[in-house]
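Quick one: this structure, given as structure tokens, is what I'll be asking you about.
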Protein chains: 2
Amino acid sequence: MQKADAADGGPAGATASGHQKRRARTERVVLDTTRELLAGSGFASLTIERVAERSGVAKSTIYRRYRSRNDLALAVLLDMLGDVSTLPYAKDTQTELTRLVNRTVDLMSNSLLGRIMQGLVSEVAADVELARTYRETVVAKRVREVTALVERGTARGELREGLDPELVTDLLLGPIYYRLFLSGEPLDEAFGQSLVAALYPAFAKDPQG
Amino acid sequence: MQKADAADGGPAGATASGHQKRRARTERVVLDTTRELLAGSGFASLTIERVAERSGVAKSTIYRRYRSRNDLALAVLLDMLGDVSTLPYAKDTQTELTRLVNRTVDLMSNSLLGRIMQGLVSEVAADVELARTYRETVVAKRVREVTALVERGTARGELREGLDPELVTDLLLGPIYYRLFLSGEPLDEAFGQSLVAALYPAFAKDPQG
DNA sequence: TAATATTGAAACGCAACGTAGCGTTTTATA
DNA sequence: TATAAAACGCTACGTTGCGTTTCAATATTA
């Protein structure tokens with residue numbers, strides 16, 4: 001996206017001018033309309049022209065903010081991701097892992113985010129700019145969460161030393177996305193349970209079960 | 001795709017008629033040209049019209065076989081996958097796992113298949129028809145391989161009982177595709193090694209390391 | 001009020017889509 | 001050899017959506 005912080009009226013902490021507020025209002029309308037269209041007919045049939053028509057915002061105005069349809073869709077994704085709260089601590093690491101996995105599974109199967117991800121993944125994989133934005137925000141955020149979780153678990157003596165947080169992230173999330181994108185196998189809580197149950201021995205310091 | 005076995009001139013084992021041979025010839029030209037175009041400028045800029053132009057095969061002829069660009073790309077993918085040989089047995093299960101993972105990693109990073117997958121994944125996730133074809137061929141094939149591997153390993157006493165082959169497949173391949181599609185982290189042999197090393201304790205009967 | 005920023009409206013050229021109709025070439029059959 | 005059937009080539013068409021441009025209108029600020 002061209003301006004990551006245009007929606008909130010400028011850089012964090014700055015007082016928004018009237019011009020910025022105006023910008024933010026139209027941007028909100030565009031994002032909401034786009035989300036509605038995505039929910040209705042999916043990513044494949046999302047067009048800038050339709051967003052313009054439905055939102056009442058001129059096509060040229062939309063193009064002033066988003067270079068492409070993908071740019072716009074990614075903005076919606078990031079916008080929605082802002083609502084996702086960070087994970088609370090739990091008594092033991094296995095519970096924390098289960099919560100992390102279950103949240104992702106739930107997000108991908110019971111909200112718009114799953115559909116958006118499905119439609120956007122090819123563009124993220126191909127478009128360098130898009131990929132950069134996605135990684136710097138979403139991927140980085142996930143890795144940070146997992147890093148904290150791993151450090152906590154290691155300090156507790158539950159996890160083995162020297163675990164690579166990046167690899168752990170791959171192991172936790174990869175299977176979820178694999179089902180979402182390719183295999184089509186069910187994405188439900190039972191899967192989340194099995195996933196963590198299967199993985200925990202690989203992470204645990206004392207692999208008793 | 002509309003006809004999965006049109007390229008080889010009919011159902012396996014049947015003697016090909018002249019008409020079928022002719023069909024097969026043009027189909028081969030189309031597939032080869034498409035692969036070249038994919039190698040050259042990627043999936044995003046693949047168009048039926050360009051394939052027609054470059055191959056000398058009329059647009060209408062192409063449309064008589066493939067309903068869409070995605071249909072055609074998937075055909076190329078399946079065509080290329082035909083060359084991938086099945087895995088040989090190895091002394092121990094860990095070696096077999098490493099080979100399986102390394103082959104996939106190599107395929108996705110050092111051949112056209114990676115780029116095709118990147119471009120096609122969104123369509124596979126969205127298009128029901130396409131997804132069905134992909135699952136019935138590629139996914140099913142992988143699961144079959146893993147199933148055989150797991151059974152062998154269990155019989156050897158190396159793997160724990162009751163492993164779910166589908167889940168094992170998710171765990172082995174998910175992280176690879178996650179890197180290919182989203183995280184952008186390197187896809188190399190070192191990664192394959194770490195992946196199997198990290199996962200093996202989760203599969204092994206006696207998790208000594 | 002004057003200057004500036006943001007938006008709206010309309011029109012444009014372009015690329016590719018997917019379809020249709022019809023004639024041509026190749027293969028099979030009588 | 002004549003004829004049918006299958007596959008293919010060619011051209012033209014209407015449609016969609018792209019992304020850009022130009023200019024007028026509106027809202028904010030000084």
Keeping the roles fixed (side chain from A:Glu96, backbone from A:Ala90), state whether a donor-acceptor pair exists under 3.5 Å.
yes
Strand contacts (DNA chain D) in residues 116-128 of chain A, 4.0 angstrom heavy-atom criterion:
none
Starting at atom NE2 of B:His19, determine the distance to atom P of C:dT25, rounded to an integer number of angstrom.
16 Å
Side chain of A:Ser68 (C-beta onward), nearest among D:dG19, D:dA5, D:dA27
D:dG19
Could you tell me whether B:Arg132 and B:Glu136 make a salt bridge, using a distance below 4.0 angstrom between a side-chain N and a carboxylate O?
yes
Any side-chain heavy atom of B:Lys59 within less than 4.5 Å of one from B:Ile48?
yes
Backbone N or O of B:Thr47 within a donor-acceptor pair of the B:Arg69 side chain at under 3.5 Å?
no
Rounded to the nearest Å, what distance is computed from the CZ atom of residue B:Arg69 to the P atom of nucleotide C:dG18?
9 Å
From the options D:dC8, C:dT27, C:dA5, select the nucleotide whose nearest atom is closest to the side chain of B:Thr26.
D:dC8
Test item: A:Tyr66 and A:Leu74 side chains (from C-beta on) under 4.5 Å apart, heavy atoms:
no
Taking atom types as modelled, is there a side-chain donor on B:Asn110 or B:Asp106 under 3.5 Å from an acceptor on the other?
yes
Closest to the side chain of B:Tyr63, out of C:dT7, C:dC17, D:dC8, is C:dC17
The correct set of residues in residues 38-60 of chain A placing a heavy atom under 4.0 Å from DNA chain C is A:Gly56, A:Val57, A:Ala58, A:Ser60
Check the distance between D:dC8's C1' and B:Arg23's CZ and give it to me in whole angstrom.
10 Å
Spatial distance of atom CG (B:Leu31) from atom CZ (B:Arg65) [nearest 0.5 Å]:
9.0 Å
What nucleotide among D:dA27, D:dT29, D:dC23 has an atom nearest to a side-chain atom of A:Arg64?
D:dC23
Interatomic distance, B:Arg22 CZ vs C:dT26 P [rounded to whole Å]
7 Å
Which listed nucleotide (D:dG19, D:dG9, C:dT6) is nearest to the side chain of B:Thr61?
D:dG9
Does B:Gln193 CD have over 12 foreign heavy atoms under 6.0 Å away?
yes
Expressed as a whole number of angstroms, how long is the span from A:Asp71:CG to D:dG19:P?
10 Å
Please examine the side chains of B:Leu97 and B:Leu199, heavy atoms only from C-beta on, and report whether any two atoms are closer than 4.5 Å.
no
What's the CD-C1' distance between A:Glu27 and C:dT7, to the nearest Å?
14 Å
Could you check how far NZ of B:Lys21 sits from P of C:dA28, rounded to whole Å?
8 Å
note: A:Arg28, atom CZ; C:dT7, atom C1'; distance rounded to Å ~ 18 Å
